[in-house]
S.K.: 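Starting off with a structure, shown below.
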Amino acid sequence: MGDKNVNITLPDGSVRSYRAGVTGLEIADSIAKSLAKAAVGVSVDGQLCDLSLPICKDAKVAIIRRQDDAALEMIRHDAAHVLAEAVQGLFPGTQVTIGPTIENGFYYDFARNEPFSTEDFAAIEKEMRRIVERGAPFTREVWGRDEAIKFFKNKGENYKAELIQDLPVTEEIKIYKQGEWTDLCRGPHMPTTKHVGNAFKLLKVAGAYWRGDHNKAQLTRIYGTAWRDEKELQQYLTMLEEAEKRDHRKLGKEMDLFHLQEEAQGSVFWHEKGYTIWLALEGYMRRRLLDADYKEVKTPQLMDSRFWEASGHWGKYRENMFVVPDVVPNTEEGGKVFKEEPKSFLALKPMNCPAHVQIFKQGIKSYRDLPLRLAEFGCCHRNEPHGALHGLMRVRQFTQDDAHIFCRDSQILDESIRFCKLTEEIYKDLGFESYTIRLETRPEKRVGSDELWDKAENGLKEALDKLGMKYTLAPGDGAFYGPKLAFIIKDAIGREWGCATLQLDFNLPERLDAHYTAEDGSRQRPVMLHRAILGSIERFIGILIENYAGKLPLWLAPVQCVVATITSEADSYADQVVEQLKALGLRAEIDKRNEKINYKVREHSLAKVPVMFVVGAREAAEQTVAIRRLGSQDQNVQPLKSAAESLAGEAKSPY
RNA sequence: GCCGUUUUAGCUCAGGGGUAGAGCACCUCAUUCGUAAUGAGGGGGUCGUAGGUUCAAAUCCUAUAAACGGCACCA
């Protein structure tokens with residue numbers, strides 16, 4: 001490198017010249033001693049690097065101090081290393097594998113014959129604190145491939161050896177040491193383990209497959225969180241607790257919305273209150289769809305296996321389908337359920353699309369009929385693996401707000417725009433401002449010509465661009481039959497769930513031989529768009545509950561108004577009030593119990609009833625109500641008539 | 001499906017070899033009390049299920065089911 005110089009551009013825009021090979025630490029030192037002291041890493045052209053890494057070409061450089069947001073990534077990564085060292089110190093013979101950072105924390109996957117338990121956490125954390133306190137410097141070395149493989153194999157670290165073996169030949173084999181402890185790692189790291197600090201906590205253990213492949217070994221994963229200081233850690237832990245309170249399973253029980261039980265795992269028992277939400281939501285969607293020129297249909301629940309063979313589901317998804325033998329059951333007491341071998345089978349529908357194609361195929365369709373949009377609140381069954389079931393979010397019986405649009409290639413763009421617009425409007429009505437959109441494009445194994453895929457992918461892209469909707473690209477993640485859009489919403493605990501989806505399908509119309517007659521009299525294949533906006537109604541209600549923490553907007557609230565009496569003197573007036581509310585279409589209940597008003601207010605507040613009309617002798621005499629809204633302590637006394645009417649107006653569905 | 005954890009009254013949970021406990025809810029009585037819990041009394045559980053060990057099992061062992069946390073899967 002000699003005396004060649006490099007130009008370093010700092011965040012304030014100033015450019016300084018250093019000799020080539022200068023390190024981040026040296027740059028920091030040249031700016032201010034205090035900066036060098038506070039520095040934990042350096043960003044070089046946006047890439048986080050070790051402070052000690054020589055910089056050999058012109059670059060934009062920012063020094064990362066421990067208090068900077070960018071340092072969180074390093075703190076967590078280093079914490080993962082400290083965890084690994086601690087675990088290997090306490091549990092000899094444990095192999096290390098990978099330990100990346102994740103949102104809000106980190107994990108490390110270990111291979112050990114005996115799995116860890118959360119009871120080991122105290123000891124591991126203690127050892128981690130000792131390692132942090134010791135403050136060994138992280139040092140970076142580059143090793144030869146064979147040397148590295150030999151080293152790790154000798155140590156019995158077969159997973160690490162495998163990782164190195166699979167690294168591309170062009171990749172440097174980087175080894176980081178923290179004192180005695182050595183690990184293969186991409187880096188970067190902070191100067192010493194001391195910089196990790198004490199604001200970390202181990203959270204949970206879990207099984208995880210080596211390289212995410214269920215055919216490979218099962219490892220034990222330890223999850224942790226790490227922050228810059230104790231206050232941040234506490235804030236995060238409090239946030240987790242708050243999120244737990246919003247869990248739809250907890251609120252569903254507390255608010256008497258639904259339940260699940262062993263005899264029908266993965267299928268929901270909707271109680272009156274929960275089903276009231278369902279009906280309000282479904283009604284809203286129905287009005288939306290009919291106005292958007294969809295035609296609502298209803299198709300069979302059970303169909304012969306031949307039907308599913310034709311659609312291709314029988315071969316590919318049979319293990320997740322509920323199959324019913326087409327045999328009359330034996331009624332002999334204590335006998336076998338079926339006496340004879342079934343000659344044929346029926347299956348509960350796992351999806352609605354093939355049935356919609358059947359409707360499309362009735363009669364001859366003209367290009368004039370397109371686009372044809374068939375909608376169904378279709379109840380589907382999928383035999384999901386036990387471990388996948390999760391409250392309302394992942395169930396075995398669910399209802400999709402499903403629709404299939406049959407159209408021509410040239411209509412893909414327009415239909416995509418209509419869909420995205422409609423979804424956006426609906427999500428806005430439902431209170432979702434933040435969701436992410438993913439565009440999943442052609443996978444390697446696929447049907448349809450490249451030309452058609454171009455048209456389809458561009459159609460989706462163009463639709464999003466035209467509407468100014470931001471999205472991320474997921475190349476290769478599309479279905480074999482076409483590209484798709486996924487709208488993703490997070491739940492209370494930060495888990496992501498796919499809700500709305502738009503999927504182009506070049507396969508099914510072909511398989512099931514759907515066609516229409518074009519202007520020139522020729523037979524043409526329609527393109528089929530699968531689309532859902534809520535996705536599954538069950539899941540969406542779960543997300544709604546979490547999003548609103550149970551405090552649903554008036555139009556969705558199962559009980560919109562409770563009329564509560566102060567003394568029994570007001571009973572008959574309260575009856576009149578409820579009657580009026582009901583006459584206006586409101587979901588109102590009365591609480592005439594012999595309880596103090598404090599008790600009633602507390603109870604209905606906890607039940608998350610949005611509005612209470614409190615009535616006592618005074619209100620009865622004056623024909624008024626004292627209005628109390630959830631979350632407010634204000635009492636607003638209004639004449640009954642106007643109060644009821646304005647509440648009814650407010651409770652109207654947004655569409 | 002895989003790994004781990006859990007399962008005791010309607011709900012939330014305590015109890016860890018000697019025959020089951022709290023708070024809330026429920027029922028009864030008294031109280032009519034103006035915006036987040038009125039008081040007193042009462043009823044309620046073969047401790048997830050099936051085996052086993054033991055004089056004795058909610059408690060120990062084995063199997064099994066479900067739920068929970070991840071992983072894998074999600075047409």
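A, B, ... follow the sequence lines: proteins, then strands. Residue 1 opens every chain. Only a predicted model underlies this, so the values are computations on that prediction, with no experimental measurement involved.
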S.K.: Using a heavy-atom cut-off of 4.0 Å across all strands, would you classify A/Pro350 as base, sugar-phosphate, or nothing?
M.R.: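 If one applies the 4.0 Å heavy-atom cut-off, A/Pro350 turns out to touch a base.
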S.K.: Given atom CG of A/Leu260 and atom C1' of B/C68, what is their separation to the nearest angstrom?
M.R.: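 The distance from CG of A/Leu260 to C1' of B/C68 comes to 13 Å, rounded to the nearest Å.
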S.K.: Quick one: do A/Glu376 and A/Lys349 make a salt bridge, cutoff under 4.0 Å?
M.R.: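 Salt bridge flag = yes for A/Lys349 with A/Glu376.
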S.K.: At 4.0 Å (heavy atoms only), tell me whether A/Gly212 reaches a base, stays on the sugar-phosphate, or touches nothing.
M.R.: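 Since only primed, P, OP1 and OP2 atoms lie under 4.0 Å of A/Gly212, the category is sugar-phosphate.
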S.K.: Could you tell me whether A/Lys316 contacts a base, only the sugar-phosphate backbone, or nothing, with contacts defined as non-hydrogen atoms closer than 4.0 Å?
M.R.: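 Nothing, no nucleic acid heavy atom in range.
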S.K.: I want to check one thing: is the phosphate of B/A36, taken as OP1 and OP2, less than 4.0 Å away from some side-chain N or O of A/Asn598?
M.R.: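 Yes, because at least one side-chain N or O of A/Asn598 sits under 4.0 Å from OP1 or OP2 of B/A36.
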S.K.: Base, sugar-phosphate or nothing for A/Lys600? Non-hydrogen atoms, less than 4.0 Å.
M.R.: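 Touches nothing.
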S.K.: Assign A/Ala626 to base, sugar-phosphate, or nothing according to its heavy-atom contacts below 4.0 angstrom with the strands shown.
M.R.: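 Touches a base.
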S.K.: Regarding A/Gln635, tell me which of base, sugar-phosphate or nothing describes its non-hydrogen contacts under 4.0 Å with the strands shown.
M.R.: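 The answer is base, as A/Gln635 lies within the cut-off (heavy atoms under 4.0 Å) of a base atom.
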S.K.: Tell me whether the OP1 or OP2 atom of B/G69 has a side-chain N or O from A/Arg495 closer than 4.0 Å.
M.R.: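 For B/G69, OP1/OP2 do have a side-chain N/O of A/Arg495 under 4.0 Å.
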S.K.: Please walk me through it: do A/Asp213 and A/Arg211 pass salt bridge (Lys or Arg N to Asp or Glu O under 4.0 Å)?
M.R.: CA-CA 5 Å; A/Asp213 182 343; A/Arg211 301 202 146 172; over 6 Å; no
S.K.: Does A/Lys490 come within less than 4.0 Å of A/Glu103, counting only side-chain N to carboxylate O?
M.R.: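 A salt bridge links A/Lys490 with A/Glu103.
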S.K.: If only side-chain N and O atoms of A/Gln633 are considered, is one of them under 4.0 Å from the OP1 or OP2 phosphate oxygen of B/U35?
M.R.: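 Answer no for this pair, as no side-chain N or O of A/Gln633 is under 4.0 Å from OP1 or OP2.
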S.K.: When you measure from the side-chain N and O atoms of A/Arg249 to the phosphate of B/C11, is any distance below 4.0 Å, counting only OP1 and OP2?
M.R.: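 No, because none of the side-chain N or O atoms of A/Arg249 sits under 4.0 Å from OP1 or OP2 of B/C11.
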S.K.: Tell me what A/Ser568 touches on the nucleic acid: a base, only sugar-phosphate, or nothing, going by heavy atoms under 4.0 Å.
M.R.: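 Counting heavy atoms under 4.0 Å across all strands, the contact made by A/Ser568 includes a base.
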S.K.: For A/Glu595 and for A/Asp247, find the nucleotide of RNA chain B with the closest heavy atom, then tell me which residue's nucleotide is more 5'.
M.R.: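 With A/Glu595 and A/Asp247 compared, the 5'-side residue is A/Glu595.
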S.K.: With no angle test and no hydrogens, is the base of B/C74 tied to the side chain of A/Arg396 by a donor-acceptor pair under 3.5 Å?
M.R.: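 No, the side chain and the base share no sub-3.5 Å donor-acceptor pair.
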S.K.: Closest-nucleotide mapping onto RNA chain B: is A/Glu384 or A/Met612 further toward the 5' terminus? I mean the 5' end.
M.R.: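 With A/Glu384 and A/Met612 compared, the 5'-side residue is A/Met612.
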S.K.: CZ of A/Arg593 versus P of B/A25: gap in Å, rounded?
M.R.: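 Computing the A/Arg593:CZ to B/A25:P distance gives 10 Å.
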S.K.: For B/U12, take OP1 and OP2 only and decide whether either is under 4.0 Å from a side-chain N or O of A/Lys250.
M.R.: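 Negative; the distance criterion is not met.
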S.K.: If you compare every side-chain N and O of A/His390 against the phosphate oxygens of B/G69 (OP1, OP2), does one of them come in below 4.0 Å?
M.R.: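 So the side-chain polar atoms of A/His390 do come within 4.0 Å of the phosphate oxygens OP1 or OP2 of B/G69, strictly under.
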S.K.: Counting just side-chain N and O atoms, does A/Tyr599 come under 4.0 Å of either OP1 or OP2 of B/A25?
M.R.: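 Yes, such a contact exists.
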S.K.: Which whole number of Å gives the distance between the C1' atom of B/U7 and that of B/C13?
M.R.: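 To the nearest whole Å, 13 Å.
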S.K.: What about A/Arg628, does its side chain sit under 3.5 Å from the base of B/A36 through a donor-acceptor pair?
M.R.: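 Such a pair exists between side chain and base.
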S.K.: When only distance counts, do a donor and an acceptor, one from the side chain of A/Glu619 and one from the base of B/G34, lie under 3.5 Å apart?
M.R.: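 Donor-acceptor pair under 3.5 Å: yes.
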